[in-house]
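Whatever order the structure lists them in is the order used to number ligands and atoms, beginning at 1. Because only heavy atoms are used, hydrogens play no part in the values below, and waters and symmetry mates are left out as well, while side chains stay in. Counting from 1, the numbers follow the sequence of the chain as shown.
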Amino acid sequence: MQTFFEYSPEVKQALIEHQPIVALESTLITHGLPDPLNCETAIAAENIVRENGAIPATIAIINGKIKIGLTTSDLEKLVNDPHVTKASVRDIPHILTKRSNAGTTVAATVFCADAAGLKIFATGGIGGVHRGDDQDISADLIELSKTPMAVICAGAKAILDLPKTLEFLETFSIPVIGYRTSSFPAFYTAETPYILNTHYDDIASLAAHLKIHWQLNLRSGLLIVNPIPMDAEIPTDVIEPAIKEALKNAIQKKIYGKEITPYLLSEVATVTKGKSIESNITLIKNNVRLGALLAKHIYTT
Ligand code: PSU
Ligand code: MN
């Protein structure tokens, strides 16, 4: 299996030396954020991980290889490819066959990071059960149900059906752990009425929980939810109409399958005049910082 994988020199070294590593995804680079903010955010996220004592491993598929850690030239290839696709788990063999480039979703990144022996992964938001169409369930949830990865995010995107997403997480035994919050955050907003039954206010307790989950050999992932910083929040009365408008347009334009999430995100960005993008970038940075602190704690204690 290893021949399908290529490690960046930095990640290779970190694995040999058992340094803390944080996996990062790449669909948010290829399909989540507009150019040039995508590239800038990818680089900034990696630097935040380094500044907080861990090594970043951004995962993507480049020229048909699963890259664990991107070099500058890999990142350039990814952002400059007009045909770059969004790869979920089932798409990986196709993209390897075609020797093409793809951003990996949370699901695909969880799969690749686990295969590479990584334990901690930070992103913006995960996919979930879609509003109005509960047959549309992101493969992110399915992969998390069977891979013991700790995924740090700012909740599920508010474009989703949050109560149904939480039900799914409960049914599939995926713990949802609040970091300094007792409610499930909704990506652009920090608080919701959905109360969590587990939360911690310090990294040591969070790390202890993760370790016990892994020592018990529980097979599910863990979802660590880290609310968006207060000053970057978008009030519900601003974001809700934007989401409703985007959902209406998606139905009218008959957008479906894996195109829906990128479409909704870009529509919400248009309606909020870019404010949603700023918030998205702030919460990504906030999550990768927590990912690095957590990884450092877990690898060194
Ligand atoms: N959250 C964001 N931006 C994104 C995504 C999530 O703020 O670009 C991406 C992630 O890669 C996630 C994917 O895994 O969207 C989910 O897509 P879908 O709903 O089609 O499963
Ligand atoms: Mn879907």
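Using a 4.5 Å heavy-atom threshold, the side chains of T301 and K211 count as touching. Inter-residue side-chain proximity for Y256 and D136 is flagged as unmet; no heavy-atom pair is nearer than 4.5 Å. The shortest side-chain heavy-atom distance between L78 and S26 falls under the 4.5 Å cut-off. The side-chain heavy atoms of N286 and L290, taken from C-beta on, include no pair separated by under 4.5 Å. Between K86 and T261 the shortest side-chain heavy-atom distance falls below 4.5 Å.
Atom 21 (O) of ligand 1 has S138 OG, 2.7 Å as its closest protein atom, hydrogens excluded (heavy atom only). Ranking protein heavy atoms by distance to atom 4 (C) of ligand 1, first place goes to L265 CD1, 3.6 Å. Of the protein's non-hydrogen atoms, T27 CG2, 4.0 Å is the one closest to atom 9 (C) of ligand 1. Looking only at heavy atoms of the protein, atom 11 (O) of ligand 1 is closest to E25 OE1, 2.8 Å. From the protein, the heavy atom lying nearest to atom 7 (O) of ligand 1 is F187 CZ, 2.9 Å.
When all heavy atoms of V89 and P93 are compared, the pair lying nearest together is O-CD, 3.9 Å.
Note on D136: its N/O/S atom closest to the Mn ion (ligand 2) is OD1.
With ligand atoms numbered from 1 in the order given, ligand 1 contributes 15 (O), 17 (O), 18 (P), 19 (O), 20 (O) to contacts under 4.0 Å with heavy atoms of T261. Within ligand 1, counting atoms from 1 as listed, the ones closer than 4.0 Å to a heavy atom of D140 are 12 (C), 14 (O), 16 (C). Near T105, the atoms of ligand 1 lying under 4.0 angstrom from a non-hydrogen atom of the residue are 11 (O), 14 (O). Atom numbering of ligand 1 starts at 1 in the shown order; those under 4.0 Å from a heavy atom of N280 are 7 (O).
At a 3.5 angstrom cut-off on N or O pairs, G257 does not count as close to ligand 1. The shortest N/O to N/O separation between V106 and ligand 1 falls below 3.5 Å.
Using a cut-off of 4.0 Å between Lys/Arg side-chain N and Asp/Glu carboxylate O, R50 and E10 are scored as salt-bridged. A salt bridge links R131 and E240; the closest N-O separation between the charged side-chain nitrogens and carboxylate oxygens is under 4.0 Å.
Heavy-atom proximity to atom 18 (P) of ligand 1, evaluated over H31, H130, K86, K157, is greatest for K86.
A donor-acceptor distance shorter than 3.5 angstrom exists from the side chain of T181 to the backbone of S183, with no hydrogens or angles considered.
Under the 4.0 angstrom criterion for non-hydrogen atoms, G32 is in contact with ligand 1.
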